[in-house]
There are 2 protein chains.
Amino acid sequence: MAKRRVTIRDVAKKAGVSTATVSRVLNNSRRVHYRTRRLVEDACRELGFYRDPIAAALRTGKSNTVHLLIERFDGSFIPDILVGIESKADREGYRLLVSKLDTAQKDVWEPGNQYIDGIIVISDAVHNLNLSEVAGQDNLPLICVYSYSQDPGFPCVLPDDYQGAYLAVQHLAEIGCKGVAFISGPPDWPASQDRLQGYKQAVKDFALREDPDLIEVGDWTMASGYEACRRLLEKAAFDGLFAGNDPMAVGAIDALREHGLEIPKDVAVVGFDDDALCRYVRPTLTSIAMPLKELGEAAMETLISMIKNGGQLCQSEQVTKLPCVLRERDSTKGKAFGVI
Amino acid sequence: MAKRRVTIRDVAKKAGVSTATVSRVLNNSRRVHYRTRRLVEDACRELGFYRDPIAAALRTGKSNTVHLLIERFDGSFIPDILVGIESKADREGYRLLVSKLDTAQKDVWEPGNQYIDGIIVISDAVHNLNLSEVAGQDNLPLICVYSYSQDPGFPCVLPDDYQGAYLAVQHLAEIGCKGVAFISGPPDWPASQDRLQGYKQAVKDFALREDPDLIEVGDWTMASGYEACRRLLEKAAFDGLFAGNDPMAVGAIDALREHGLEIPKDVAVVGFDDDALCRYVRPTLTSIAMPLKELGEAAMETLISMIKNGGQLCQSEQVTKLPCVLRERDSTKGKAFGVI
DNA sequence: CAGCAAAATGTAATCGATACCACAATTCTC
DNA sequence: GAGAATTGTGGTATCGATTACATTTTGCTG
């Protein structure tokens, strides 16, 4: 019943060679005669042999496994990043272990050490995290996705928030807006700061109205977007609105409508993140899409190169920013014509 | 520089005992003298020792690792299920390995075998999947979440679609609807069938109008919900609408509005899944929330019990259904009063 | 064909923890 | 208090693959 596992030894016997040779074949070491290789491969197939990765890992100290530390599984940006990571990992023969970030921090952590070749931290708020502690005493290769790694020792891959915001404002300018308001996320988020800079630069470049009253702050929630927009409406007039994320855009749209304004005729609106919700709200919401899948791929790729490079060293940039793209929908479509 | 790993042997030497004893302490085996245990624990702490899980796994054949096979990382229901799985896994000391289902199927699969103690398949369409093949020749413990496992050999944990649909219709009846239409998902999905049954039973139980013209079929997309609703509007009158999922509900609302109907005054609408979008569309959408986190927890729990039970055997049900709950929002709120 | 380098293969130690077996020390039992 | 039962510990083979080192085979050169 309990069939014993087929080991390298069984294969060796069947093929009439030594285990060393079988191992060489398995690892594609050159230095194996063509005929012998053939013999071994056949034996493997006939016996249905598969190398036990655990034994290999024990011996070599390499597990071909990357540990994903995720802050919140239900972050809206997580799934697409995972898609990117997974596809790369698959192609490169890496396994993926996942944990919640705080779980990992407490104690499961250290024991899990040595089990893995590298770490990817996925979080939108790494600020309060000591990365070198996470990397452990072995100082494993580690990379952050989606957020800056405060610690300069570790590379990170993130969306180009500056460029994304610029793109949003550029789009609003191009469809004819003259005054574009901005609802920022909390100022202590690096992403908020970058987006604000992008907004300001675009306002300048496209000769839009520059006015501090056109800027308000929210906390990423729909409710805060609503409130921020109401404050904006009291202070200034504008025909374009750029919100730091999609829920705030939705809240803002509520406020605009309450104020008797039509979207996009009176005010065109652009959100950020290209959440699924953009396709469901009315009007559908133009938004800036982050290159999430690409972030995942880039992170995995860089990490693998670090691993192969035997440690931290790696020639690519410490900070990699990938460009966002605009997804045009009804909240900005036809604005220009409506005005004419 | 390259500090050698602290091994059980180092601990043994420091504590003045044998490695066997250290191992016993590590595994909480009774049969160790109080004083000795103390000695060993101190040594561990001082040396900063952590057991190498790889070596342990090799020796014992148990890796304390569960393999998650996910059909699509970007399925909207995945994240919350993961939350449930993770919390349970963490508490029970299991590691989680993830792969995309098709990745796993092709070839990475078999090699990964033996590396894991059990498998969780997360998919909404297991129909076309040979589970016993997935379980491998070792016939590893395997459990499905979210969908039926066609193969009766494997248990599954899923939301109670029947009860959820019943709940939706019950709610509509309770706020005063007399004729409730239903937009079903594709009929070949087990979930669709269950929801249809729940709808029918509730229609009967609450003495709502029974009429085949009140039922239409969509394909889960917003566009199909729109079309289905238009067909409904041509065939019959109704003052309540239950959609098989949220995007279809959104599409249906578009059609209703186009037809000059107000939500919820003229038609109250309930969706299914309690997608994030429910909070962002206008009016906000009442929906049936599946117990996703609980599904994950239950699956992990059952799987662990199977693992400990030494295989497939397990006393719990083959099919576990967990109840859904209603999340009331504006698309049904105040309907009764509006009517009065 | 001797002589030597290069290529192919074999031998066996090793990674780190576990667990079987044996033995010693202690506690019961009558 | 002798013998049995129980408890605590140590020695060491073992899990399965890798790899340093040793050894054999092959291929060439002069």
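Just so it is clear, the structure is predicted and the values come from calculations on it, not from any experiment. Reminder, nothing fancy here: chain letters follow the sequence lines and each chain counts from 1.
Put simply, the residue from A/Ser23, A/Ser18, A/Cys44 that forms a side chain to side chain contact (heavy atoms under 4.5 Å, CB included) with A/Ile8 is A/Ser23. Exactly one of B/Val22, B/Thr21, B/Leu26 qualifies for a side chain to side chain contact (heavy atoms under 4.5 Å, CB included) with B/Arg24. That residue is B/Thr21.
Taking atom NE2 of residue A/His33 and atom P of nucleotide C/dA8, one finds them 7 Å apart after rounding to whole Å. Protein atom CG of A/Asp10 is 13 Å distant from nucleotide atom C1' of D/dC15, rounded to whole Å. Atom pair B/Arg5:CZ and C/dA17:C1' shows a separation of 11 Å (rounding to whole Å applied). Going from atom CG of A/Asn28 over to atom P of D/dT18 covers 11 Å, rounded to whole Å. Rounded to an integer number of Å, the gap from CZ of B/Arg35 to P of C/dA25 is 16 Å. Atom CZ in A/Arg9 sits about 8 Å away from atom P in D/dG16, given to the nearest Å. Regarding A/Leu26, its CG atom lies at a distance of 8 Å from the P atom of D/dA17, rounded to whole Å. Atom CG in B/Asp52 sits about 13 Å away from atom C1' in C/dT18, given to the nearest Å.
Between A/His67 and A/Val98, the shortest heavy-atom contact is NE2-C, 4.1 Å.
Here A/Thr19 lies in heavy-atom contact (under 4.0 Å) with a base. At a threshold of 4.0 angstrom between heavy atoms, the contacts of B/Val17 are confined to the sugar-phosphate backbone, with no base atom among them. Contact annotation for B/Tyr34: no contact, since no heavy-atom pair falls under 4.0 Å across all strands.
Among residues at least two apart or in separate chains, salt bridge (charged side-chain N to carboxylate O under 4.0 Å, His left out) pairs with a member in residues 290-301 of chain B are B/Lys88-B/Glu301.
Here the nucleotide nearest the side chain of B/Thr21, chosen from C/dA8, D/dT9, D/dA17, is D/dT9. Here D/dT19 is the nucleotide among C/dA8, C/dT18, D/dT19 with the atom lying nearest to any side-chain atom of A/Ser23. With C/dC15, C/dG10, D/dG10 as the candidates, the nucleotide lying closest to the side chain of A/Ser18 is C/dG10. Residue A/Thr60 places its side chain closer to D/dT19 than to any other of D/dT19, C/dG16, D/dG8. With distances taken from any side-chain atom of B/Arg51 to the nucleotides C/dT9, D/dG16, C/dT18, the minimum falls on C/dT18.
A salt bridge links A/Asp42 to A/Arg45: one of the charged nitrogens lies within less than 4.0 Å of a carboxylate oxygen.
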Set out, line by line, the N/O atom pairs under 3.5 Å between protein and nucleotides 20-28 of chain D.
none

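At the phosphate of C/dG16, neither OP1 nor OP2 sits under 4.0 Å from any side-chain N or O atom of B/Thr7.
Taking 4.5 Å as the limit, some side-chain heavy atom of A/Ile70 sits within range of a side-chain heavy atom of A/Leu82.
One N or O on the side chain of A/Arg5 and one on the backbone of A/Tyr50 form a donor-acceptor pair closer than 3.5 Å.
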